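Okay, structure first, notes after.
A quick note: this is a predicted structure, and the numbers were derived from the prediction, not measured. In listed order, ligands and their atoms are each counted from 1.
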Amino acid sequence: MSKLKNIFTCSFCGFQSPKWLGKCPDCDQWNTFYEELQKAPAKRTQFEFDTDPRQGPVSLHSINTAHDDRIPAGIGELDRVLGGGLVRGAVILIGGDPGIGKSTLVLQALTSLAGRGIKALYVSGEESLRQLRMRAERLGSLPENLFILTETSLETIIEHIREFRPEILVIDSVQTIYTGELESAPGSVSQLRETSARIISLAKQSETATFLVGHVTKEGAIAGPRVLEHMVDTVLYFEGDRGHSYRILRAVKNRFGSTDEIGVFEMGSAGLMEVTSPSELFISERPEDAPGSTVVPSIEGTRPILVEVQALTAPTPLAMPRRTAIGIDQNRTSVLVAVLEKKLGMTLFNQDIFLNVAGGIRLNEPGVDLGIITSIVSSKLEKPMPGKTVVCGEVGLTGEVRAISQIAPRIKEAERLGFSQCILPEKNLKGLHGSSKMKLVGVQSVQEAIENLFKN
Ligand code: TYD
Ligand code: MG
């Protein structure tokens, strides 16, 4: 007899504890612990598929990869994030807030794949056949090779998959699928782990590329997709502001590609459209001649994207002035503000500082440091940046401006969008002579950059 015991599990990240906790020590979320009855996992003797994976060690050299080429999903921005397309047997988790467009994205991908003759199966535990058909009609294509199954029982789903043998599989969403083998409710951490583990092993054995769709949840007893991150090959998060129409698809883990790549989409009346030139989107609403705004050529993955960094400094009555940053790391902000205070003698202790990256994009690379600084200074001095100017460079603690990577594509992108001047690290100037029509101004320190930009 397996022994039953109670365990408390964080529904956000899956952390387990023998007693209830108010705050998860692992992911710092509050009030996410739920009690579950834990049963010792049943011994699995039966394999989901008829191929027996219990083979002995094989020589790496002898493994055949001839048919392992990627299957492009047919949506450029999705393929970019995946690293060039779908890999057979790979499991991709797509997480995101409810209503962000996950089902739309996977349905579009499946429609495109099925349109090219690839046998695709969409398992929905959330929507009815009619609803799915209506959505597909809205997206404008109804290929014959796309099959739909509305089912939530794992055992039934596996039976259908075994019989049907799709090349591409979608489970939307994993939180609705349950197995009768566990007593806990559908959506609980143990259900999510068990059902996903079985779908993943099925995908590996049958070499089916599989998308798992998961809603990000913060409350309730429904476990979130974070719980699955370590089990799958690729983790993509779909982000965006519901008030805006654009969406960003970001890879946070990818066994078959880079994790820096982002895909940009716009939600329209006929589904998600690719945004192939995101720079134009992100700087399109930039106010000209307003203090506190700098355009920065940032590198996202392999592609340069121009983004607008906005800053607002305002006198504060608070003893602890506010430092709020959206889209920029909070610690990075504190460091840069300290550099400004110490190296430029700027008085900021009595100022609230708000930073925002327009368009809801998150900047993680150090090449944007100098742009953050120029925005803050521009707001504090109430002086706009000179027109048609972009700024890039990493800033060190002594106020020096350090060289950054991939300078040439950044400059090229800025030039393409009509900018005429670039402030960049002095060290990066080497080898750039004559490569651009833009005026390139090399600077060695923050001081030099500020003097150059705001001298009059
Ligand atoms: P959906 O893919 O259902 O989100 P998720 O699966 O992540 O919960 O997207 C739902 C939203 O997208 C909904 O608010 C309607 C909107 N939408 C459009 O604006 N245009 C479209 O063509 C489609 C299909 C959806
Ligand atoms: Mg959905």
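Remark: E261 does not engage R250 in a salt bridge, criterion side-chain N to carboxylate O under 4.0 Å. Ion pairing between a basic and an acidic side chain is recognised when a charged N comes within 4.0 Å of a carboxylate O; E239 and R247 show no such pairing. E181 has a carboxylate O that lies under 4.0 Å from a charged side-chain N of R198, or vice versa, which qualifies the two as a salt bridge. For the pair R303 and E413, the salt-bridge criterion is not met [side-chain N within less than 4.0 Å of a carboxylate O]. By the 4.0 Å N-to-carboxylate-O rule, E365 lies close enough to R410 to be salt-bridged with it.
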Fill in: Steps toward salt bridge (Lys or Arg N to Asp or Glu O under 4.0 Å) verdict (E288, R286)
CA-CA 6 Å; E288 297 275 338; R286 187 172 59 103; 3.5 Å; yes
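Separation of atoms CH2 (W20) and CG (N6) is listed at 15.5 Å; rounding is to 0.5 Å.
Looking at I376, D369, V377 one by one, the single match for side-chain contact (heavy atoms from CB on, under 4.5 Å) with I373 turns out to be V377.
The side-chain tip of K119 points at the ring of F164 from less than 6.0 angstrom away and within 45° of straight on.
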Hey, what polar pairs (N/O, under 3.5 Å) does ligand 1 make with protein?
residue, atom, partner, partner atom, Å
ligand 1, 2 (O), S103, N, 3.3
ligand 1, 2 (O), T104, N, 2.8
ligand 1, 2 (O), T104, OG1, 2.5
ligand 1, 3 (O), R135, NH2, 2.9
ligand 1, 4 (O), G101, N, 3.1
ligand 1, 6 (O), S103, N, 2.9
ligand 1, 6 (O), S103, OG, 2.6
ligand 1, 7 (O), I100, N, 3.4
ligand 1, 7 (O), G101, N, 3.0
ligand 1, 7 (O), K102, N, 2.8
ligand 1, 7 (O), K102, NZ, 2.8
ligand 1, 8 (O), G99, N, 2.7
ligand 1, 20 (N), R138, NH2, 3.2
ligand 1, 20 (N), G268, O, 2.7
ligand 1, 22 (O), R138, NE, 3.4
ligand 1, 22 (O), S269, O, 3.2
ligand 1, 22 (O), G271, N, 2.6

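Ordered by chain and number, S103 OG make up the set of protein N, O or S atoms under 2.8 Å of the Mg ion (ligand 2).
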